[in-house]
Number of protein chains: 2
Amino acid sequence: MLIESQPFLAHIPPGLREVAKCRNMEAGETLFRIGAPVRNLFCVVSGEVQLLRHDPRGTRIILQRSRGGFFAEASAGSKAYHCDAIVNEASLLLCFPLEAFRVALEKDAPFRSVWMELLAKEVRKLRAQCERLSLHGAADRVIHYIESEGTGGAITLSQSRKSWASELGLSHEALYRTLKQLGAQGVLHLDGHRIFLAGKKRESSNVCFTPASCRSNSDV
Amino acid sequence: MLIESQPFLAHIPPGLREVAKCRNMEAGETLFRIGAPVRNLFCVVSGEVQLLRHDPRGTRIILQRSRGGFFAEASAGSKAYHCDAIVNEASLLLCFPLEAFRVALEKDAPFRSVWMELLAKEVRKLRAQCERLSLHGAADRVIHYIESEGTGGAITLSQSRKSWASELGLSHEALYRTLKQLGAQGVLHLDGHRIFLAGKKRESSNVCFTPASCRSNSDV
DNA sequence: CGTACTTTTGAATCGCATCAAATCTGGTGG
DNA sequence: CCACCAGATTTGATGCGATTCAAAAGTACG
């Protein structure tokens, strides 16, 4: 069950799995605080954890909201945490002792390569999300999302539209209106949780359309 | 000179360094196209490279703008590229043969650990940037930036304000006005490229202020 | 000295957030 | 099975804030 939600967990070697702990936490609980020594790597199985700091006026500066997957991976290299971790809603967490995790990465080459792959994928995904959030139009963000997260111009949403809106950095009202409008314009077709970009059949269809500057550089 | 711009490069083992190639490319040139086999890992030393796809109407979907550092790391795991790479302004690139890079990661433990650290740091940074871009107010983004990228509520900008604005997902006019306003309100102090958040002296000053729920969970 | 770029300020416009409220949905318990 | 509730979905009206267009002043560099 855990493994379904996080395919990566299937690759965790037995030695590490044995020392991993499961923790149920309630909303509002603190996982760690700034300055605390780093002794574990955490993975959110369900629920939400927030990494945050506080600005001078007490406002929360959210560094990361994690709803599934590892968080604060970068802390693995530091002695102490540079932010607080607060459980935002009742959550199930996996805790891996840092040293055991390090050893597993060191000794177990396949595990290591899966981990590096995971990090690299995460980087790719986050970069695309940053570019998307830099777009000012709601429609632009929706189309960007389908193009970058979907396949061949289509996507199946695995979440409610409301939380999709939040991921897009939009109010849910704005998203509903934008989808309706794009549907009416024929730019995209809505079919429940499945969304198609109109006029897009195959991923590679317009590779050849691209402008000039297509010298013999395509492969280096 | 290269190493100054990318401290990571200092850790590249000799064997890999020898097979790395340097490439100067002009604006508009194509580095690779969708579907091309992945044979190199690239690092931008100067200039800008964009990873992009095209939506049905020919609009560019920018997946990543890279101005320094590695890009398309995630492609290292795939056979073929899933996007185009276009040089957006005259750039200097480093090209590492993929196989040699893999071997270096496999054989050279210190190099490997530096590389994983680099990926993890990148993830942290990108997650913070996503949270920042999700904020709707210009002032919120500025403060978030100083809190997350700076140290103890202060930061020294290493770029023009105009490009900072772009990183914040704002028009430069909006940034100028916001800075002026925050300065007038006394929220922050401007001193050339150095910016201070008012009333913030030490990083850890308000760790103890935080609410309840601070049970003995701080360390797990 | 001139050119290119950044910085700065102004004015007008537009899109999205926000507030409000109605409908629809799935799930719970009587 | 139905009443009921929490949450998601949908539509409307309003206001604010950021974008945009425009233009001037400052700055770095050859």
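A note on names: the letters A, B, ... follow the listed sequences, proteins ahead of strands, and every chain is numbered from 1.
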| Side-chain heavy-atom pair A:C130, B:L133 within 4.5 angstrom cut-off | yes

| said: Any side-chain to backbone donor/acceptor pair from B:R124 onto A:A74? Under 3.5 Å, distance only. | reply: no

| Protein-nucleotide distance (A:W164, atom CH2; D:dA8, atom P), rounded to Å | 16 Å

| remark: Per atom distances to the A:E173 side chain, the nearest of D:dA8, D:dT19, C:dA20 is C:dA20

| note | Of D:dT9, C:dT6, D:dT19, the nucleotide closest to the side chain of A:H172 is D:dT9

| query | A:H136 has an atom NE2; how far is it from atom C1' of C:dG15, in whole Å? | reply | 12 Å

| task | Give the rounded distance in Å between these two atoms: NZ of B:K162 and C1' of C:dA4. | result | 10 Å

| request: Only one of A:R67, A:R60, A:Q64, A:E89 passes side-chain contact (heavy atoms from CB on, under 4.5 Å) with A:Q50; say which it is. | output: A:R60

| request: Name every residue in residues 175-189 of chain B that has at least one heavy atom under 4.0 Å from any atom of DNA chain C, in order of residue number, or write none if there are no such residues. | output: B:Y176, B:R177, B:K180

| query | Between A:L135 (CG) and D:dT20 (P), how many Å, whole number? | reply | 11 Å

| field | Donor-acceptor pair, side chain of B:R53 and main chain of B:H82, under 3.5 angstrom | value | yes

| query | Got A:L126 and B:V123 here, is their nearest side-chain heavy-atom distance under 4.5 Å? | reply | yes

| request: Write down the distance between CZ (B:R161) and P (C:dT7), rounded to a whole number of angstrom. | output: 7 Å

| field | B:Q159 CD to C:dC5 C1', straight-line distance once rounded to whole Å | value | 16 Å

| Could you give the CG-to-P distance, from B:L170 to C:dG15, as a whole number of Å? | 19 Å

| said: Could you check whether any side-chain heavy atom of A:Y81 comes within less than 4.5 Å of a side-chain heavy atom of A:V38, counting everything from C-beta outward? | reply: yes

| Interatomic distance, A:D140 CG vs C:dG15 P [rounded to whole Å] | 12 Å

